[in-house]
2 protein chains.
Amino acid sequence: MRTLQAQVGSAPHALGGPTGKTIALAPSLDVPGFVMRFVHNEEIFAEEEDADFVYQVVSGAVRDVRLLSDGRRHIGAFHMPGDVFGIECGSRHLCSAEAVVDCQVALVRRSALERAVQADPAAGRSLWQITARTLERLQDQLLLLGRKNAVERLASFLVRLCRAAGGTDSVDLPMSRCDIADYLGLTIETVSRTFTQLERDHAISIPSARRILLHDRAALLELSGVG
Amino acid sequence: MRTLQAQVGSAPHALGGPTGKTIALAPSLDVPGFVMRFVHNEEIFAEEEDADFVYQVVSGAVRDVRLLSDGRRHIGAFHMPGDVFGIECGSRHLCSAEAVVDCQVALVRRSALERAVQADPAAGRSLWQITARTLERLQDQLLLLGRKNAVERLASFLVRLCRAAGGTDSVDLPMSRCDIADYLGLTIETVSRTFTQLERDHAISIPSARRILLHDRAALLELSGVG
DNA sequence: CGTCCCCTTGAGTTATTTCAACACTCGTGG
DNA sequence: CCACGAGTGTTGAAATAACTCAAGGGGACG
């Protein structure tokens, strides 16, 4: 697989070219940058790689991945359109990021971001809010992984996706059962069985593996453990 | 148990009084504030409470606690002297904080912090770094809860404590087995058995329940899954 | 000296994992 | 058009890591 460095160097996928475009990471946080495409499962950046860029999903979905020495995989987060990811306080990335499906991702140089923050206090506040919101989401995930059972994990996951999608009753899953399992700290088999169980209990229906209809949202919220 | 509001109102524990003192939250982040004492298990702030203050451990240890509706408890983090906690991006606290042992805690008004950040760009950067570092620690914890077994969790925990204590081979545990269990997503029995197992395997020795000697640090690091 | 709290240990149970088999979808190419 | 294979998802049966329940040990403190 081609490295990001190589891609950026020649910018074969860059849309609109590496100059001229401005990325709106958040209100009052517009930074010069450019957009690149990544295909299904392509690596966006690697663990330990220099964190020279900050990223924002334009379309598609992205996952943060970490590996244990024996190959066990963990997904720290999924990023949806509008989400900013790859922000680090050190100089290197602590996890890798991969395209869950074909994606467009905006890249902003960290140096450019820092310049923007120094020039405008409101930009600094925006950057802090992005970071702090990421932190809050992680805390929910900690509780989920630390104290919830399989049904509660999957119910929480579906409720979150539903909210992120604007509250519709139909949820499209861009990610595989394997991704869901590695995100929820379960195995694919348990995820699959739990989907089936939720369907049997009339909380959801599953027209196809990647599309879920939330039938009884109140029941799901109850099942999620409310936390 | 008396509420924080009541305490701050009358400031019965305030050391040096609510005025005059400056708290050094981080390099170039000095904010007016005051220090309070909290006794063993006392609540510092509650979930859902207005986040009017930001806190820093002066001495002792603090835990972040969240509860599920049926009473299951989860500890999101332990805070040691120097650590800043209770920072929120919304207006309310998402978890409660409690004194693991008798503590001294510095309090800074959020409004004062915001003033300091507006007055000095370096202060803003410091605040962001505190937040980003908190985020990085949580990511390790996610991996631990999502993919590590009991031995790996406890080994990781001990290695971290050892590092936080400056790398000595002897670690003092301010927290109970119950706290450790709720932090590592286990039960007290499993934590206790795993301590015993690590001792049998000559990775540690346990002169008393609250004091651990790390015998074979390399082995512990290996056991922790290196992640 | 007794009580309380915390910790440890044992035995049996259970939720989840592991291993294995099979079904479905979707391109590709004969 | 159908066969084929790869990738993905589902389901069953057996194994296991961790949990639950229960009992007992030991230190702190009044």
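Each chain gets a letter, A, B and so on, in the order the sequences are listed, and its residues count up from 1. Remember, predicted model here, so these are calculated numbers, not experimental data.
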Point to revise | Sequence neighbours excluded, every pair satisfying ring-ring contact (aromatic ring centres under 6.0 Å, His included) that has a member inside residues 75-101 of chain B | key: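 Qualifying pairs, neighbours excluded: B/Phe45-B/His93, B/Tyr55-B/Phe85, B/Phe78-B/Tyr183, B/His79-B/Phe85.
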
Review point. Tell me the ring-ring contact (aromatic ring centres under 6.0 Å, His included) pairs involving residues 206-227 of chain B, sequence neighbours left out?
Key: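 Counting only pairs at least two positions apart or across chains, no ring-ring contact (aromatic ring centres under 6.0 Å, His included) contact touches residues 206-227 of chain B.
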
Lys/Arg-Asp/Glu bridge criterion (N-O < 4.0 Å) met for [X], [Y]:
| X | Y | result |
| --- | --- | --- |
| A/Asp52 | A/Arg110 | no |
| B/Arg137 | B/Asp83 | yes |
| A/Asp140 | B/Arg66 | yes |
| A/Arg92 | A/Asp50 | yes |

Determine the minimum heavy-atom distance between [X] and [Y], stating which atoms define it.
| X | Y | answer |
| --- | --- | --- |
| B/Pro174 | B/Arg210 | O-NH1, 3.0 Å |
| A/Val62 | A/Cys103 | CG2-SG, 4.1 Å |
| B/Met175 | B/Ile180 | CG-CG1, 3.6 Å |

Practice item. Could you list by number each residue of residues 95-103 of chain B showing a heavy-atom separation from DNA chain D of less than 4.0 Å, or answer none if no residue does? Key: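 Contacting residues: none.
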
Review point. Does anything in residues 175-190 of chain B pair up under salt bridge (charged side-chain N to carboxylate O under 4.0 Å, His left out), and if so which pairs, sequence neighbours excluded?
Key: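 Those involving residues 175-190 of chain B are A/Arg147-B/Asp182, B/Arg63-B/Asp179, B/Arg73-B/Asp179, B/Arg73-B/Asp182.
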
**Study point:** Residue pairs fulfilling salt bridge (charged side-chain N to carboxylate O under 4.0 Å, His left out) with at least one residue in residues 149-159 of chain A, sequence neighbours excluded
**Key:**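 Of all non-adjacent pairs touching residues 149-159 of chain A, those that pass salt bridge (charged side-chain N to carboxylate O under 4.0 Å, His left out) are A/Glu152-B/Arg72.
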
Review point. Is there a donor-acceptor contact under 3.5 Å linking the side chains of A/Thr190 and A/Thr187?
Key: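 Indeed, the side chains of A/Thr190 and A/Thr187 share at least one donor-acceptor pair under 3.5 Å.
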
Check your understanding: Counting only non-hydrogen atoms, which of residues 140-161 of chain B are less than 4.0 Å from DNA chain C?
Key ->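 Nothing qualifies; none.
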
**Study point:** Residues touching DNA chain C, which here means a heavy atom under 4.0 Å, drawn from residues 181-198 of chain A
**Key:**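 Those residues whose heavy atoms fall under 4.0 Å from DNA chain C, taken from residues 181-198 of chain A in numerical order, are A/Gly185, A/Leu186, A/Thr187, A/Glu189, A/Thr190, A/Arg193.
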
Contacts table for residues 195-206 of chain A: side-chain donor-acceptor under 3.5 angstrom, sequence neighbours left out:
| residue | atom | partner | partner atom | Å |
| --- | --- | --- | --- | --- |
| A/Thr196 | OG1 | A/Ser192 | O | 3.0 |
| A/Glu199 | OE2 | A/Ile206 | N | 3.1 |
| A/His202 | NE2 | A/Arg200 | O | 3.4 |

**Study point:** side chain to side chain donor-acceptor pair (under 3.5 Å) contacts in which one or both residues fall within residues 217-227 of chain A, not counting sequence neighbours
**Key:**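 Non-adjacent pairs meeting side chain to side chain donor-acceptor pair (under 3.5 Å): A/Asp169-A/Arg217.
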
Exercise for review: Grab the CE-C1' distance between A/Met175 and D/dG9 for me, whole Å please.
Suggested key: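 One finds 16 Å between C1' of D/dG9 and CE of A/Met175, rounded.
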
Study note, to complete from the structure: Expected string for nucleotides 23-30 of chain D under the B/S/- scheme (protein heavy atoms, under 4.0 Å, primed atoms plus P, OP1, OP2 as sugar-phosphate) is --------

Hey, what are the protein-to-nucleotides 4-6 of chain C N/O distances that come in under 3.5 Å?
none

Exercise for review: Just jot down the side-chain contact (heavy atoms from CB on, under 4.5 Å) partners of A/Thr168, sequence neighbours excluded, or say none.
Suggested key: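 Scan of A/Thr168 (side-chain contact (heavy atoms from CB on, under 4.5 Å), adjacent residues dropped) gives A/Ala165.
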
